Number of protein chains: 2
Amino acid sequence: MKAGPDIAMVASLVGDPARANMLTALMTGRALTASELAHQAGVTPQTASSHLAKLEGGRLIEAEKQGRHRYYRLSDPDVAGVLEGLAGLAARAGHMRVRTGPKDPALRRARICYDHLAGDLGVQMLDSLKKQRLVRQTKQQIELTAEGERFLSNSLQISAQSLAHPRRPVCKACLDWSERRHHLAGTLGAAIMTRFTELKWAARDAAPGSRVVNFSRTGEKRFAALFGDGE
Amino acid sequence: MKAGPDIAMVASLVGDPARANMLTALMTGRALTASELAHQAGVTPQTASSHLAKLEGGRLIEAEKQGRHRYYRLSDPDVAGVLEGLAGLAARAGHMRVRTGPKDPALRRARICYDHLAGDLGVQMLDSLKKQRLVRQTKQQIELTAEGERFLSNSLQISAQSLAHPRRPVCKACLDWSERRHHLAGTLGAAIMTRFTELKWAARDAAPGSRVVNFSRTGEKRFAALFGDGE
DNA sequence: TCGATGCTTCGGCTAGCATCGAACTATGAA
DNA sequence: TTCATAGTTCGATGCTAGCCGAAGCATCGA
């Protein structure tokens, strides 16, 4: 009938609740085993195995065998982008998952979006970077300024050269579903999040599959010193 | 169990072939009646009505009543963006719709992406704009240059002021599923496409629901003169 | 007022698919 | 070897959701 890519095919893959749970679990950026994903999705291993085969067939995830485990990860950052987009549409339609756990406020405050910081603090950081003119956002595009490069090197020991990547932009605006505003993605967003973890300013929540990021007391202070909305 | 937006909810809406057909039909940016959408989807009016109610409930589309017709449109350009994203994932997974019609090459050459030009010519236009330094693309962001403003005014009678919009950026990079590269979206992308139509350089295909854009002979020449890879 | 058209609601049918129990294969440890 | 664990395949089951026929509103034109 029609030409074009079969979007129903891939959307229906995401459309099953169990598979959607698995995919959101993989939004942490970590590779997870089949049984971990089964647990996340709340189904038995057999069922999970069938789901994972379908997701792999649809090229949404990739598997790597390691001993008797199979580790699954999202096949591409673009997949994470589309998932965030879907989350945005769901959020604006008011379709939140019913059983809102106690973790919800923490999730809105700071969470992992694939490999970078999202939520209230993520949005706040990008705002502050712009205000301090460390990045320049023209319309839809973000660019690191010379001043920004100095800042990264001095305050966070991140060298601008290390951010270059053949296929991924350094800075990218990513729409935040909880804040409905942009936060910082790209290799820079990822590098900053990594640095936060290394400095023990922040750590991912211990609960498996949780996207919550917990800031330490000192981390919170340092973050505020660098990116606080201050006055 | 989990907090966060219910992405399975909205993905399952897109996941049904009939609904996906309707949504792709609405990617033309035009508002269509319930019966037109039923025809596009290949289902009876009753079935279509049920689908449309679900899509409306999920806030993916909006309806407007006019006489005894109900006109449906995508509720937001963001919806179109997510649909294009899904199309990208489907294309890279090799999941194209089976019955590839004769229109397919035309579709890849030039088509409407919501309200702007996509396909080979869309990508070529953005490339040329950058090469001529009429827009500047830093990393992910596109910006109109002073020279670009003059060009628009002189060659296409588009004034830069008319492009301002409270919620929509002037320039935006939109990923093209057939070319896997960016073309120009935003109010500028839309304005240029409108101008092409007004000048009768190009027209949307007459077949209802078709996204194909046909260029006239003169249109083709003028387009090549402005944006040809010529040199 | 009458008929035609566009769209929706209702009810029943059917197919597809998610689910799980049971059985099977592969890896690692003792 | 033997046992435990991770994962898959197979077959049966049951529910969901898409589908259409028939009937019911609403709007338009005569």
Side-chain angles (χ1 to χ4, degrees), chain A residues 1 6-26 30-58 60-73 95 97-98 208-209, chain B residues 1 6-26 30-58 60-73 95 97-98 208-209:
Chain A
M1 196 95 185
D6 188 356
I7 71 173
M9 181 75 190
V10 9
S12 70
L13 286 176
V14 188
D16 177 80
R19 286 192 292 261
N21 282 338
M22 294 175 167
L23 291 171
T24 11
L26 292 173
R30 281 195 269 236
L32 299 174
T33 66
S35 7
E36 285 170 325
L37 289 167
H39 183 252
Q40 286 297 321
V43 294
T44 58
Q46 311 91 289
T47 309
S49 177
S50 137
H51 284 311
L52 290 168
K54 283 173 190 170
L55 288 174
E56 203 178 356
L60 293 181
I61 61 174
E62 285 174 351
E64 192 178 337
K65 200 167 180 180
Q66 219 167 89
R68 47 181 169 180
H69 296 278
R70 289 198 79 183
Y71 282 92
Y72 288 94
R73 75 173 68 80
H95 284 127
R97 289 199 243 174
V98 232
Chain B
M1 195 94 183
D6 188 355
I7 69 172
M9 181 73 190
V10 9
S12 70
L13 286 176
V14 188
D16 177 80
R19 286 192 294 258
N21 282 339
M22 294 176 168
L23 291 171
T24 10
L26 291 173
R30 280 195 268 235
L32 299 174
T33 67
S35 5
E36 286 170 325
L37 289 167
H39 182 251
Q40 286 297 322
V43 293
T44 58
Q46 313 89 289
T47 308
S49 176
S50 137
H51 284 310
L52 290 168
K54 283 174 191 169
L55 288 173
E56 202 178 358
L60 293 182
I61 61 175
E62 285 174 351
E64 192 178 337
K65 200 169 179 177
Q66 220 168 89
R68 46 183 169 178
H69 295 278
R70 290 198 76 182
Y71 282 92
Y72 289 94
R73 75 173 64 82
H95 286 127
R97 288 196 245 176
V98 232

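Quantities reported herein were computed from a predicted structural model and do not represent experimental measurements. Order of the sequence lines fixes the chain letters, A, B, ..., with proteins taken first and strands second; residue numbering starts at 1 for each chain.
- Residues passing the salt bridge (Lys or Arg N to Asp or Glu O under 4.0 Å) test with R73(A), sequence neighbours excluded: E64(A).
- Rounded to whole Å, the distance from CD on E36(A) to P on dT5(D) is 16 Å.
- Considering CG of L26(A) and CD of E62(A), their distance stands at 11.5 Å, rounded to 0.5 Å.
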What pairs of donor and acceptor atoms, side-chain ones from residues 7-20 of chain A against any protein atom, are under 3.5 angstrom apart with sequence neighbours left out?
| from | atom 1 | to | atom 2 | distance (Å) |
| --- | --- | --- | --- | --- |
| S12(A) | OG | A8(A) | O | 3.2 |
| S12(A) | OG | M9(A) | O | 2.9 |
| D16(A) | OD2 | A18(A) | N | 3.0 |
| D16(A) | OD2 | R19(A) | N | 3.2 |
| R19(A) | NE | L13(A) | O | 2.7 |
| R19(A) | NH1 | H51(A) | ND1 | 3.1 |
| R19(A) | NH2 | S12(A) | O | 3.3 |

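- Judged as a side chain to side chain donor-acceptor pair (under 3.5 Å), and not counting sequence neighbours, the contacts of T47(A) are T44(A).
- For the atom pair CE of M22(A) and NZ of K54(A), the computed distance is 11.0 Å after rounding to the nearest 0.5 Å.
- Regarding L52(A), its CG atom lies at a distance of 15 Å from the P atom of dA6(D), rounded to whole Å.
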Dot-bracket notation for DNA chain D, counting Watson-Crick and G-U pairs under 3.5 Å, with | for partners on another strand:
||||||||||||||||||||||||||||||

Any protein N or O atoms within reach of nucleotides 19-23 of chain C? Criterion: under 3.5 Å, listing atom names and distances.
| from | atom 1 | to | atom 2 | distance (Å) |
| --- | --- | --- | --- | --- |
| dT19(C) | OP2 | H51(A) | NE2 | 2.5 |
| dC20(C) | OP2 | T44(A) | N | 3.2 |
| dC20(C) | OP2 | T44(A) | OG1 | 3.1 |
| dC20(C) | OP2 | T47(A) | OG1 | 3.1 |
| dG21(C) | N7 | Q46(A) | NE2 | 2.5 |

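- Residues T33(A) and H69(A) share a closest heavy-atom pair of CG2-ND1, 3.8 Å.
- Here Y71(A) lies out of heavy-atom contact (under 4.0 Å) with every strand.
- For the pair L13(B) CG and dA17(D) C1', the computed distance is 12 Å after rounding to whole Å.
- For the side-chain contact (heavy atoms from CB on, under 4.5 Å) test with L37(A), the passing option among L32(A), L23(A), V43(A), L55(A) is L32(A); the others fail.
- Positionally, the nearest nucleotide of DNA chain D for A53(A) lies more toward the 5' end than for the other of A53(A) and S12(B).
- With rounding to whole Å, R70(A) atom CZ is found 16 Å from dT5(D) atom C1'.
- The heavy-atom pair separating Y72(B) from L52(B) by the smallest distance is CE1-CD1, 3.5 Å.
- Summarising the geometry, the separation between OH on Y72(A) and C1' on dT8(D) is reported as 9 Å, rounded to the nearest angstrom.
- If you take CE of M9(A) and P of dC17(C), they are 10 Å apart, rounded to a whole angstrom.
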Base versus backbone protein contacts along nucleotides 24-30 of chain C [heavy-atom cut-off under 4.0 Å; B, S, -]
---BS--

